[in-house]
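Encoded as structure tokens, the structure appears first; notes follow it.
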Amino acid sequence: MTDTDRTKNDVTAGVKNTANRVTETARERADRIADAASSGAADATRAVKTGADRVGDATSRAAEQTTAAVGDVLHDVRDSATDVADTVAAQATAAVANAREVADEGVAYVKARYRENPGLVIAVGAAAIVAVGLLVKAVTRR
């Protein structure tokens with residue numbers, strides 16, 4: 001072999017070695033990039049999942065707070081309605097008692113007047129019945 005052949009062979013081997021090293025380096029870099037991309041995707045997936053979990057947790061807390069607030073409002077409304085019903089019942093009972101008292105006093109008054117002047121009481125009663133009859137008749141015509 002001559003020096004020229006050896007030089008060609010050395011150059012060819014050097015070029016092949018360089019090409020192999022460049023290829024290996026490119027593969028290593030591509031693998032590193034692929035690993036980094038995969039790791040980044042996994043990190044992004046975890047971040048999205050964590051964000052979704054946080055949103056889910058926040059939504060659950062908001063729903064629980066809303067449910068509690070609505071429950072409190074309904075409880076307050078129920079208590080208020082019970083208080084109103086109790087107040088109305090007490091007022092109705094008082095009104096019935098007062099009406100009975102007034103009616104009893106009226107009956108006592110009419111009895112006392114009847115004992116004094118029975119003809120006048122009968123005449124006033126008859127006039128009241130005629131007046132009520134005329135009013136009923138007038139109202140039913142319209």
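Here Arg61 does not pair with Glu64 in a salt bridge; the nearest charged N to carboxylate O distance is not below 4.0 Å.
Screening Val130, Val132, Val136 for a side chain to side chain contact (heavy atoms under 4.5 Å, CB included) involving Leu134 leaves a single residue, Val130.
Side-chain contact check for Leu120 versus Tyr114: every heavy-atom pair is 4.5 Å or farther apart. When side chains are defined from C-beta on, Val73 counts as touching Val77, because their heavy atoms get closer than 4.5 Å.
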Could you go through Asn117 and Val121, starting from their C-alpha distance and side-chain angles, then the distance that decides it, and tell me whether this counts as side chain to side chain contact (heavy atoms under 4.5 Å, CB included)?
CA-CA 7 Å; Asn117 192 355; Val121 172; 5.7 Å; no
